[in-house]
Amino acid sequence: MRIGVPKETAPGEKRVATVPDVVAKLIKLGFSVAVESGAGDAANFADDTYRAAGAEVLGSAAELWATSDIVFKVRPPSAEEVGLLREGGMLIGFVWPAQNPELMQQLAAKKATVLAIDCLPRQLSRAQKMDALTSMAGVSGYRAVVEAANAFGRFFNGQVTAAGKIPPAKVFIAGAGVAGLAAIGTAANLGAIVRANDTRAEVADQVVSLGGEFVKVDYEEEGSGGGGYAKVMSEGFQAAQRAMYAQQAKECDIIITTALIPGKPAPRLITAEMVASMKPGSVIVDMAAEQGGNCELTVPGEAVVRHGVTIVGYTDLASRLAKQSSTLYSNNLLRLTEDLCKTKDGVVNVNFEDDAIRGLTVLKEGAVTWPAPPPKLPAAPPKPKAVVAAPAAKGHGHGAAEPMSGKTLAIVFALGAVAFLLVGHYAPASFLAHFTVFVLACFVGYMVVWNVTPSLHTPLMSVTNAISSIIAIGALVQVAPPLTASGAADRPNALILGLAVVALVLTAVNMFGGFAVTRRMLAMFRK
């Protein structure tokens with residue numbers, strides 16, 4: 001089967017659905033690949049790079065659509081492109097079936113099989129490799145901060161110079177999904193003071209881990225929705241949220257909004273009054289502009305100035321980093337193709353038994369299969385049964401969890417004292433000296449190690465193992481014994497010599513391994 005990659009026709013779109021590196025991998029799966037001439041020019045992928053990867057470069061879109069069994073696209077196809085699609089062909093790309101019912105009818109009339117990458121069931125962990133929404137959101141979040149920095153009048157990081165002190169910029173991120181987290185990390189790396197809010201309480205730790213501060217709404221309500229999205233919140237929560245946003249608008253220099261709910265217009269988070277309350281020269285980047293915008297004054301596709309505040313409403317943030325976006329997107333489509341063609345013979349199999357493929361398929365041979373039924377998620381592991389400690393039996397000195405009684409402890413010490421007395425009475429004096437040192441070493445070692453924080457036990461034991469390898473000295477004495485008074489060495493027998501050599505080898509491993517493990521563990525705590 002042939003995969004065709006046409007040039008995107010949407011105004012301002014610079015991305016391409018497949019890059020040369022992925023073309024070579026598609027050919028290994030058994031497909032032939034055709035690319036429309038100039039399809040990758042805006043993303044800095046020349047026609048010659050596609051030819052070098054093994055793709056055929058065609059001069060016209062009509063020829064490419066007519067000869068391709070499968071078409072890879074980024075944006076939903078236009079009516080003209082649908083007319084070029086061959087009867088019964090396959091289309092893979094962004095489709096947005098809920099927002100484009102007419103497009104769905106046109107594709108159904110072509111008896112097409114359509115896999116909408118935006119319909120991927122994102123709650124499936126194994127589907128993450130195909131998640132183009134996440135890939136594009138990460139790029140958009142990064143680019144949003146770049147656009148904000150371009151429109152902002154000063155540095156993000158604070159500086160003290162001979163010309164004066166420059167305070168750090170204060171950035172507020174509304175929504176901590178994939179795009180929001182990417183924006184938080186980028187702004188924090190630029191040195192700004194970053195604050196963020198999300199209706200999902202579980203993302204608070206992620207915000208902090210990226211260098212931001214999580215701003216909580218003074219209203220208790222859980223905001224997690226299905227598939228990793230947020231849900232529509234109650235009126236009470238929204239009122240408390242608006243009050244918090246109004247406060248942040250007065251304090252912050254830059255606001256980046258990312259709030260979107262699937263199938264619904266973008267929620268209004270920033271009102272005209274909030275914009276008017278911001279400091280002159282402040283910036284708002286509305287990443288939800290394509291769905292109406294989170295700011296009341298956003299103009300989709302444009303950057304406008306209202307009340308001295310620059311409001312950026314670009315709808316092509318991912319396309320503004322076309323090379324990076326195209327590379328990530330083409331990798332997502334490659335992983336999807338691998339699942340469609342597990343036999344690697346260049347023939348796809350739209351298997352509805354696969355929940356990921358079923359969720360993506362919105363049309364199969366002209367029949368509408370969207371929306372897909374909820375995927376079968378694995379059952380949660382059973383909760384372990386609570387273990388109830390058995391009560392101590394009467395007549396015994398102690399139960400399973402009780403400390404040793406005084407009587408038992410006295411007996412143990414008495415037996416130990418008798419054992420030491422017998423050793424001291426019958427053992428040779430040389431053995432007794434070594435035995436005393438051994439007992440004291442065990443006691444001191446136990447007390448030292450046991451009073452250290454458990455998280456440091458491994459590096460501590462590694463070091464003590466290396467330092468305590470005094471065994472090497474004893475082994476060396478056996479291998480090369482000192483000279484006697486007559487000048488001759490008292491050579492040990494073969495067994496002792498063999499044991500000494502083995503001891504030297506093991507001790508060397510213990511010493512060097514101890515220091516190596518310690519060094520690697522300490523390196524984990526360095527940036």
Side-chain angles (χ1 to χ4, degrees), residues 14-15 43 128 131-159 166-198 200 202-215 228 230 245 248-249 251-260 266 269-270 278-279 281-290 293-295 298 303 309-329 331-332 527:
K14 299 178 181 179
R15 290 172 290 179
Q128 293 176 1
D131 191 355
L133 284 173
T134 294
S135 300
M136 298 301 100
V139 175
S140 298
Y142 174 90
R143 184 68 189 196
V145 176
V146 174
E147 295 294 341
N150 180 57
F152 192 47
R154 55 183 175 84
F155 298 142
F156 265 45
N157 62 324
Q159 295 187 17
I166 303 171
K170 294 180 180 178
V171 180
F172 179 71
I173 313 291
V178 176
L181 291 173
I184 291 167
T186 306
N189 289 335
L190 288 174
I193 297 172
V194 184
R195 304 169 183 170
N197 168 261
D198 197 279
R200 297 160 291 187
E202 65 267 19
V203 304
D205 291 338
Q206 300 174 31
V207 171
V208 174
S209 69
L210 290 170
E213 174 193 351
F214 188 78
V215 183
Y245 283 158
Q248 295 299 323
E251 297 178 4
C252 292
D253 303 299
I254 296 169
I255 295 177
I256 299 175
T257 65
T258 69
L260 277 175
L269 303 179
I270 308 298
M278 296 181 72
K279 291 172 281 189
S282 298
V283 178
I284 297 174
V285 180
D286 193 341
M287 295 184 64
E290 195 165 11
N294 295 137
C295 177
T298 296
V309 177
T310 302
I311 304 172
V312 179
Y314 297 149
T315 58
D316 59 347
L317 290 173
S319 183
R320 287 170 181 256
L321 284 171
K323 188 166 188 176
Q324 183 67 76
S325 298
S326 299
T327 301
L328 293 174
Y329 182 70
N331 280 326
N332 293 139
K527 289 187 178 180

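The stretch residues 134-144 participates, sequence neighbours left out, in these salt bridge (Lys or Arg N to Asp or Glu O under 4.0 Å) pairs: R143-E147. Among residue pairs with one or both ends in residues 175-190, none qualify as salt bridge (Lys or Arg N to Asp or Glu O under 4.0 Å); sequence neighbours excluded.
In this structure, the side chains of V203 and F214 come closer than 4.5 Å at one or more pairs of heavy atoms. Using a 4.5 Å heavy-atom cutoff, the side chains of L317 and M287 are in contact. Side-chain contact check for Q128 versus T134: every heavy-atom pair is 4.5 Å or farther apart. Within the 4.5 Å cutoff, side-chain heavy atoms of I255 are placed close to those of M278.
Proximity of a side-chain donor or acceptor of S209 to a complementary backbone N or O of Q206 within less than 3.5 Å is detected. Checked by atom type and distance alone, the side chain of N197 pairs as donor or acceptor with a backbone atom of V215 at under 3.5 Å.
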Pair I254-F156, side-chain contact (heavy atoms from CB on, under 4.5 Å): steps then yes or no: CA-CA 10 Å; I254 296 169; F156 265 45; 3.4 Å; yes

Verdict with supporting geometry, I270 and I284, side-chain contact (heavy atoms from CB on, under 4.5 Å): CA-CA 9 Å; I270 308 298; I284 297 174; 4.1 Å; yes

Take M136 and Y329, measure what side-chain contact (heavy atoms from CB on, under 4.5 Å) needs, and give me the verdict at the end. CA-CA 7 Å; M136 298 301 100; Y329 182 70; 3.9 Å; yes

May I have the step-by-step check of side-chain contact (heavy atoms from CB on, under 4.5 Å) for V139 and L328, ending in yes or no? CA-CA 9 Å; V139 175; L328 293 174; 3.7 Å; yes

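Contact detail for R15 and S326: the closest heavy-atom pair is CA-OG, 3.4 Å. Taking each heavy atom of A289 and T298 in turn, the nearest pair found is CB-CG2, 3.9 Å. Minimum interatomic distance between A259 and L269 (heavy atoms only, all atoms of both residues): CB-CD1, 3.6 Å.
The structure places OG1 of T258 at 9.5 Å from CG of D286, a figure rounded to the nearest 0.5 Å. How far NZ of K279 is from CD of E251: 8.5 Å, rounded to the nearest 0.5 Å.
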N/O donor to acceptor pairs below 3.5 angstrom from side-chain atoms of residues 169-193, sequence neighbours left out:
residue: T186; atom: OG1; partner: A182; partner atom: O; Å: 2.8
residue: N189; atom: ND2; partner: G185; partner atom: O; Å: 3.0

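Exactly one of N331, T327, N332 qualifies for a side-chain hydrogen bond (donor to acceptor under 3.5 Å, both in side chains) with S135. That residue is N332.
A cation-pi arrangement, defined by a distance under 6.0 Å to the six-membered ring centre and an angle within 45 degrees of its axis, is present between R320 and Y314.
Residue-environment remark: CZ (F155) stays at or below the threshold of 12 foreign heavy atoms within 6.0 Å.
With no hydrogens or angles considered, no side-chain donor-acceptor pair links S319 and D316 at under 3.5 Å. Residues S282 and D253 have side chains that never bring a donor and an acceptor to within less than 3.5 angstrom of each other.
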